[in-house]
Amino acid sequence: MTAADYSDKIPNNVDLHEDRRLQRALESWQPNFLRWWDSMGPTLPTEDVYLRTAVNVGREGWAHFGHVAMRDYRWGIFLADRKHDRRVAFGQHRNEPVWQKVPGEYRSELQRLIVIQGDTEPASVEQQRNLGATAPSLYDLRNLFQVNVEEGRHLWAMVYLLHAYFGRDGREEAEELLHRNSGSEEAPRILGAFNEETPDWLSFFMFTYFTDRDGKYQLGTLKESAFDPLSRTCEFMLKEESHHMFVGTTGIDRVVERTVQLMVEHDTDDVGPHGGIPLTVLQKYLNFHYSVSLDLFGSETSTNVGNYYTSGLKGRWSEERRHDDHTLTNDSVMVDAVTADGEIGQTEVAALVGLNSDLRREYIGDCQNGVNRWNRILDEAGMPQRLRLPHVAFNRKVGAFAGIEATPDGKGLTTEEWERGKGRWLPTDVDKTHVRSLMRPVYERGRIAAWIAPPRQGINGKPFDYDYVHLS
Ligand code: BYC
């Protein structure tokens with residue numbers, strides 16, 4: 001069954017009505033979720049928003065578009081269709097049928113992975129809650145809210161698994177997902193990047209480009225999981241996720257485009273006084289968001305990830321397209337490391353413990369595509385400047401390079417050199433204040449703030465000047 005049952009209090013395609021206990025448990029979590037949404041979700045009051053709502057998981061027509069009051073959004077539970085002959089693709093259980101229940105021996109690891117994944121979803125909504133007050137256009141405002149409601153749905157996706165498969169512990173973890181908060185002193189979110197601020201729209205576009213992209217890769221590995229309900233839920237989440245990255249990619253496109261226009265118009269690189277964001281500031285924001293997102297991949301060498309793989313809990317990106325034995329017990333790989341003489345270099349490790357590096361490599365290749373795209377905009381305008389990804393050792397708080405400092409070129413630095421240089425590589429208070437000063441809301445249909453170019457197209461075939469959001 002793929003079509004969602006919308007007559008249920010909780011829309012779903014998992015026959016929730018057949019399991020009254022589970023249904024009651026989720027229905028009692030629902031008001032807590034709404035309380036969290038009211039207190040930690042978007043702060044800008046709106047009448048309704050032109051949103052996409054998932055209605056089906058099939059290839060064709062999976063979503064419905066229409067104006068809805070955000071609080072009445074139908075957050076639901078959608079798993080991709082079950083493949084009846086699906087088998088484990090990797091690890092020690094390779095070729096065995098996938099699991100419809102959680103094996104006792106892997107219960108705590110699986111729960112931990114689901115909790116970490118679940119924790120990021122509401123965290124991002126919290127980080128973005130004030131952005132509505134400064135949206136550059138109604139089109140952008142609508143995209144922000146689309147991302148927010150879908151992150152809310154992704155929380156539902158993980159909470160469903162916790163309630164359905166992890167008993168009382170799972171229900172307690174589901175409560176905790178609403179109690180931890182981004183940036184909180186007492187109960188912060190689990191992963192570093194999700195406790196950082198998203199105070200302006202440039203940060204939002206960088207976040208949706210770099211941090212949502214970590215989400216894409218992590219979900220891609222969980223989609224390979226031998227635990228079939230997790231696999232199926234991640235498969236469907238990935239479908240929604242691509243719009244979030246589109247928002248980031250095209251958002252940065254449009255900032256670069258506008259900056260270039262101002263550079264040409266005023267014959268200067270310093271577009272700040274002309275209401276634009278200089279390329280140097282863009283590069284600093286890029287450096288920050290990329291390095292913080294690299295931290296989300298964990299350490300270059302990790303026994304956790306080797307165990308997850310061997311047990312069948314978490315696979316590799318495109319596992320089935322890899323040409324090897326899918327167990328990796330005899331393989332080795334080179335991973336980034338600080339060498340014995342203190343230099344930034346590489347070291348050889350068992351392939352299994354190097355799997356965070358494997359995933360990160362895929363991610364970095366994908367990130368580079370965006371940079372190439374933005375550089376094409378510069379190139380076509382005849383600009384010699386280029387944006388680039390900083391070195392993996394730059395500004396790291398997790399993994400091999402957490403204990404050292406390095407330039408964006410990957411040259412090691414003393415602490416004093418780092419302190420003296422960091423204002424050239426990461427956004428300073430002056431940069432942030434300038435970017436924030438540009439963040440004035442533009443809520444008239446068809447109009448756009450002066451620091452960003454309009455999009456080439458609207459949403460779902462609608463024009464840019466469509467009434468995407470009705471403010472209250
Ligand atoms: N911050 O063995 P290691 C998304 C901890 S984003 C703080 O290298 P492992 C989204 C680690 O837990 C995708 N702590 O780690 C995007 C471990 O702690 P314990 C989210 C960190 O397990 C935008 C210790 O350090 N999903 O969906 O190999 C908007 C040693 O680390 C951090 C997932 O991440 C950090 N950055 O890998 C909305 C998938 N990194 O065990 C949504 C699920 C590591 O010593 N999670 N630590 O107490 C995982 O697969 C893994 O847990 C990790 C870490 C990849 C995160």
Side-chain angles (χ1 to χ4, degrees), residues 108-129 144 146-158 161 173 177 180 182-183 188-196 198 203-225 227 230-231 233-234 237-238 240-245 247-248 289 291-311 313-317 335-337 349 352-360 362-363 395-402:
S108 69
E109 281 97 338
L110 260 176
Q111 182 174 307
R112 184 177 159 73
L113 286 172
I114 293 168
V115 165
I116 293 178
Q117 180 61 49
D119 191 71
T120 63
E121 314 290 359
S124 67
V125 176
E126 293 165 357
Q127 290 171 293
Q128 296 162 14
R129 66 191 302 251
L144 167 72
Q146 182 71 62
V147 169
N148 292 162
V149 292
E150 285 174 353
E151 299 302 7
R153 204 202 68 73
H154 292 179
L155 170 62
W156 270 96
M158 293 300 127
L161 294 177
E173 289 288 5
L177 289 172
R180 281 186 295 273
S182 177
R189 290 298 176 182
I190 299 171
L191 299 176
F194 294 91
N195 288 305
E196 299 286 348
T198 312
S203 301
F204 173 62
F205 292 136
M206 292 288 175
F207 183 96
T208 42
Y209 188 81
F210 289 109
T211 307
D212 277 89
R213 194 169 305 275
D214 167 55
K216 167 182 164 183
Y217 281 84
Q218 299 292 349
L219 290 172
T221 65
L222 297 175
K223 179 173 85 91
E224 302 291 342
S225 183
F227 178 42
L230 174 62
S231 163
T233 218
C234 289
M237 287 163 78
L238 277 165
E240 291 169 314
E241 200 65 38
S242 67
H243 175 68
H244 306 187
M245 284 172 293
V247 169
H289 286 273
S291 54
V292 165
S293 301
L294 288 182
D295 279 345
L296 294 172
F297 289 83
S299 304
E300 285 75 2
T301 55
S302 159
T303 46
N304 283 346
V305 76
N307 293 336
Y308 295 151
Y309 187 82
T310 301
S311 319
L313 311 185
K314 187 178 174 186
R316 285 173 295 175
W317 181 255
V335 299
D336 294 320
V349 299
L352 281 170
V353 301
L355 284 175
N356 285 340
S357 295
D358 179 84
L359 188 63
R360 201 182 70 185
E362 300 282 343
Y363 168 81
N395 192 39
R396 299 298 307 283
K397 304 282 179 284
V398 173
F401 304 121

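Atoms considered below: every heavy atom in the structure, side chains included; atoms not considered: hydrogens, waters and symmetry mates. Note that ligands are numbered from 1 as they come in the structure, with each ligand's atoms numbered from 1 the same way.
Between atom CG of residue Leu230 and atom NZ of residue Lys314 there is a gap of 10.5 Å, rounded to the nearest 0.5 Å. Considering CZ of Arg112 and CD1 of Ile114, their distance stands at 12.5 Å, rounded to 0.5 Å. For the atom pair CZ of Arg153 and CG of Asn148, the computed distance is 14.5 Å after rounding to the nearest 0.5 Å. Note that the SG atom of Cys234 and the NE2 atom of His154 stand 9.5 Å from one another [nearest 0.5 Å].
A heavy-atom distance below 4.5 Å is found between the side chains of Met237 and Thr233. Tyr363 places a side-chain heavy atom less than 4.5 Å from the side chain of Phe210. When side chains are defined from C-beta on, Phe194 counts as touching Phe207, because their heavy atoms get closer than 4.5 Å.
Under a cutoff of 6.0 Å and an axis angle of 45°, Arg213 and Tyr217 do not form a cation-pi pair.
Not a single heavy atom of Tyr217 sits closer than 4.0 Å to an atom of ligand 1.
Checked by atom type and distance alone, the side chain of Glu300 pairs as donor or acceptor with a backbone atom of Ala400 at under 3.5 Å. Not a single donor-acceptor pair under 3.5 Å links the side chain of Thr310 to the backbone N or O of Asn307. With Thr211 contributing its side chain and Thr208 its backbone, the two residues share no donor-acceptor pair below 3.5 Å.
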Please walk me through it: do Asp119 and Arg180 pass salt bridge (charged side-chain N to carboxylate O under 4.0 Å, His left out)?
CA-CA 8 Å; Asp119 191 71; Arg180 281 186 295 273; 2.7 Å; yes
Verdict with supporting geometry, Glu126 and Arg189, salt bridge (charged side-chain N to carboxylate O under 4.0 Å, His left out):
CA-CA 10 Å; Glu126 293 165 357; Arg189 290 298 176 182; 2.8 Å; yes
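Taking every non-hydrogen atom of Ile190 and a distance limit under 4.0 Å, the qualifying atoms of ligand 1 come out as 7 (C). The contact set between ligand 1 and Asp214, taken as ligand atoms under 4.0 Å from a residue heavy atom, comprises 6 (S), 13 (C). Using a 4.0 Å cut-off to heavy atoms of Phe194, the atoms of ligand 1 that qualify are 6 (S), 10 (C), 16 (C), 23 (C), 29 (C). When each atom of ligand 1 is checked for a heavy atom of Phe207 under 4.0 Å away, the hits are 23 (C), 29 (C).
Summary of contacts: the protein heavy atom closest to atom 2 (O) of ligand 1 is Ser302 OG, 2.9 Å. Looking only at protein heavy atoms, the nearest one to atom 31 (O) of ligand 1 is Ser299 OG, 4.1 Å. Atom 21 (C) of ligand 1 has as its closest protein heavy atom Leu191 CD2, 4.0 Å. Among all non-hydrogen protein atoms, the one lying nearest atom 52 (O) of ligand 1 is Ile116 CD1, 3.3 Å. The closest protein non-hydrogen atom to atom 27 (O) of ligand 1 is Gln117 NE2, 2.8 Å. Scanning the protein for heavy atoms near atom 41 (O) of ligand 1, the closest one is Arg112 NH2, 3.1 Å. Of the protein's non-hydrogen atoms, Gly298 CA, 4.1 Å is the one closest to atom 54 (C) of ligand 1. Of the protein's non-hydrogen atoms, Leu296 O, 4.3 Å is the one closest to atom 53 (C) of ligand 1.
Distances from atom 34 (O) of ligand 1 to the heavy atoms of Lys216, Gln218, Arg189, Met158 put Gln218 nearest. Closest heavy-atom approach to atom 37 (O) of ligand 1 within the set Val305, Asn304, Asn356, Val398: this belongs to Asn356. The heavy atom nearest to atom 38 (C) of ligand 1, considering only Gln128, Glu151, Lys314, is found in Glu151. For the residues Asp295, Leu113, Ile114, the heavy atom positioned nearest atom 40 (N) of ligand 1 is part of Asp295.
With a heavy-atom cut-off of 4.0 Å, Phe210 does not touch ligand 1 at all.
Taking a distance limit of 4.0 Å, we find that atom 23 (C) of ligand 1 is approached by some protein heavy atom. Atom 49 (C) of ligand 1 is approached by the protein to below 4.0 angstrom, counting heavy atoms only. When distances from atom 46 (N) of ligand 1 to the protein are checked, a heavy atom turns up under 4.0 Å.
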